[in-house]
Structures are given as C-alpha cells and as structure tokens.
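See below for the structure under consideration.
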Amino acid sequence: MDIVSQIDKDFIPKHVAVIMDGNGRWAKSQGLKRVFGHKKGVEAVRQTVEAAVELGIEALTLYAFSTENWKRPKIEVDTLMSILVNSLKKEIKTFQTNDIKLQAIGNLDKLPLIARNQLRDVMKLTEKNDRMILTLALNYGAKEELIRATKSISKKIVNNELKIEEIDEKIINSHLYTFTLPVVDFLIRTSGEMRISNFLLWQIAYAELYFTDILWPDFRKKDFYEAILNYQRRERRFGKTSEQIENSNK
Ligand code: IPE
Ligand code: IPE
Ligand code: MG
C-alpha cells in the first residue's frame, strides 16, 4: 500500500511546525559551501508545503530564521535573506493555486527592507486564501515573543485596560505572534538535533515531537508522510489515563 493511503484522513494534526535544520551539514557532505545547502533547502520547503496542503493540514509553521541566527557570518545571513526574497517571489503561484495564505511571525521590523516589502506584498496577495495558513518564523525567538507579550500585557494593566486577575491562557495566547493559529499538534525537526532552539516554547506545550536524521535539503513529501504516520500511532493523553482516552473514543 502506498504511504499516503495509510494516512488516516480523520486524524490529521491541525497545526504542524517544522524546524528545518541541516542545510549546512548537507552542503558540507557534498563538498559545497554552506549557502548551497540553504539554496537546496527551498525544494524541501516546496515539497513540505504541498504535502501539508494535500493532507488537509490547516496550519504549517516553518522556522526559517531565529533571533540567534544573526550571529552567523554576514555573508550567510545576507544569502538567507536573498533566498527568502527570491523564493517568496517565485512561490506566489504555488500559494495561489493551492489556496495558501502566507503570514510571518517574529520581530519582522529587524528584517532588511526588501524582505519586509516582499513579505507584505505576498501576504496582501494571499490574504483571502483559506485552505492552509503557511507561517514563516523570521527573526523569531520564543523568548523575545514572551518578553514582548509580557510588556504589552503589563501596559494594559498600567492603563487599566486589563486586571491582573484576568490574565489566563487565553490572554497570553492573544498576545503572542501566533494569536490566530491553533496550538501546535506536531513538531518536526530534521538533521538529528534534539532540541527546540527557542522555537514556539509556549505553543508546543503539548505537541508531539518528532526528530529525524534526514538533513533538510533531502526532506521530501514521503518523509513528511512518514512523520504524519508516526504522529498517528501516538496516543495523546493530555494528562488523562489511557482508559479515559479509549472510552472517549467509543
Ligand atoms: C537550517 O540549517 C537553516 C537555518 C538555520 C537558517 P543550518 O544552516 O542550521 O544547517 P546546519 O545545522 O549548520 O547543518
Ligand atoms: C534553528 O536551527 C533555527 C532554524 C531552523 C531557523 P539552528 O541550526 O540555528 O539551531 P541550533 O543553533 O543548532 O540550536
Ligand atoms: Mg542548524
């Protein structure tokens, strides 16, 4: 049986997040400079986006550039930004034919102007699309996001727009970059590293985690399907017992 037909269409995660890692190591393994790994990674993005749309996933969030990635050599940062701008231009057609809405999370003000403008244009063009929300995490850091949220909640308290007693999960959610998105059900990281690297800390509180050794430029649709199948074999208990889960499924 082919792999897609093994996937249960009634148990698709709503929100999948991906830490796309291993571009540099892929390039090195081919005797190439790191930036070629980033260029090669674009095809893996396309395959993942298409596979996610085809499965009916509502939200796909891709970690493309962290708040820590500015520490890399300038030439690498510049190349990543130019790959972003070119890919956004090239992929408009993919977004439109697949009815994908593009958005971005992170401290976008710090991105180069050309990247901000390109993002703004693609977001505007795709804003009415509603089959899947594709979110790019750019200059994203979960700690920065939580600091920002804390500041804006504090301001509301000082201005008497909010009471301390009113702070709950909903209020915190609504102050995060991801306020329009469902919670993350499934987090995938490629390249064999088993860490979160400051991605979506709050939002992955109950996500299922999946780590694969495949380097991002080698990641293909079938690898995404494999990951989803793995997700479907898990029992998400959310603190309850297995028996309770089984009974509620009856
Ligand atoms: C992921 O690949 C891409 C970004 C972080 C932008 P890396 O560039 O981190 O590749 P490795 O981890 O060095 O192999
Ligand atoms: C995380 O990967 C960031 C992105 C995938 C954009 P890194 O390669 O930067 O993470 P660390 O530094 O190895 O944890
Ligand atoms: Mg890396």
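Keep in mind that the numbers below use all heavy atoms, side chains included, and drop hydrogens, waters and symmetry copies. Note that ligands are numbered from 1 as they come in the structure, with each ligand's atoms numbered from 1 the same way. Numbering starts at 1 and runs along the sequence shown. Everything numeric in this text was worked out from a predicted model, so none of it was measured.
At a 4.0 Å heavy-atom cut-off, ligand 1 touches Asn69 through the side chain alone. At a 4.0 Å heavy-atom cut-off, ligand 2 touches Arg189 through the side chain alone.
Against a heavy-atom cut-off of under 4.0 Å, Phe65 is close to the following atoms of ligand 2: 6 (C). Atoms of ligand 2 found under 4.0 Å from any heavy atom of Ile19, numbered from 1 in the order shown, are 5 (C). The Arg25 neighbourhood of ligand 1 comprises atoms 11 (P), 12 (O), 14 (O), with distances under 4.0 Å to a heavy atom of that residue.
Ring-plane geometry between Tyr63 and Phe199 is classed as parallel, the angle between the planes falling under 30 degrees on a 0 to 90 degree scale with a further cut at 60.
Proximity of a side-chain donor or acceptor of Gln244 to a complementary backbone N or O of Thr241 within less than 3.5 Å is detected.
Among the atoms of Asp21, an N, O or S atom falls under 2.8 Å from the Mg ion (ligand 3).
Dense packing is recorded around CG of Leu113, with more than 12 heavy atoms of other residues, nucleotides or ligands lying under 6.0 Å away. Atom NZ of Lys71 sits in a sparse spot, with 12 or fewer heavy atoms from other residues, nucleotides or ligands closer than 6.0 Å. Enclosure of atom CD in Glu235 by more than 12 non-hydrogen atoms of other residues, nucleotides or ligands within 6.0 angstrom is indicated.
Among the atoms of Gly24, some N or O lies under 3.5 angstrom from an N or O of ligand 1. Not one N or O of Trp26 is nearer than 3.5 Å to an N or O of ligand 1, by distance alone. Considering backbone and side-chain atoms alike, Arg195 places an N or O below 3.5 Å from some N or O of ligand 2.
The shortest heavy-atom distance from Arg72 to ligand 1 is under 4.0 Å. At least one heavy atom of Met20 sits less than 4.0 Å from an atom of ligand 2. Ligand 1 lies within reach of Ala64, whose nearest heavy atom is under 4.0 Å from it. Residue His38 places a heavy atom under 4.0 Å from ligand 1. Heavy-atom distances between Ser191 and ligand 1 stay at or above 4.0 Å for every pair.
The one candidate from Val183, Thr178, Ile19, Leu181 that meets the side chain to side chain contact (heavy atoms under 4.5 Å, CB included) condition with Leu200 is Thr178. Evaluated for a side chain to side chain contact (heavy atoms under 4.5 Å, CB included) with Leu136, the options Leu60, Leu108, Leu88 yield exactly one hit, Leu88.
Taking the six-membered ring where the residue is Trp, the centroids of Tyr210 and Tyr231 are separated by 6.0 Å or more.
Under 4.0 Å is where a charged nitrogen must lie from a carboxylate oxygen, and between Lys124 and Glu127 at least one such pair does. Looking at Lys163 and Glu165, no side-chain N of the basic residue comes within less than 4.0 Å of a carboxylate O on the acidic one, giving no salt bridge. The existence of a salt bridge linking Glu166 and Lys156 is excluded, since no basic side-chain nitrogen approaches an acidic carboxylate oxygen closer than 4.0 Å.
Atom 12 (O) of ligand 2 lies below 4.0 Å from none of the non-hydrogen atoms of the protein.
Looking at Ser197, Ala137, Ser66, it is Ser197 that brings a heavy atom closest to atom 14 (O) of ligand 2.
Ranking the protein heavy atoms by distance from atom 2 (O) of ligand 1 puts Asn23 N, 3.1 Å first.
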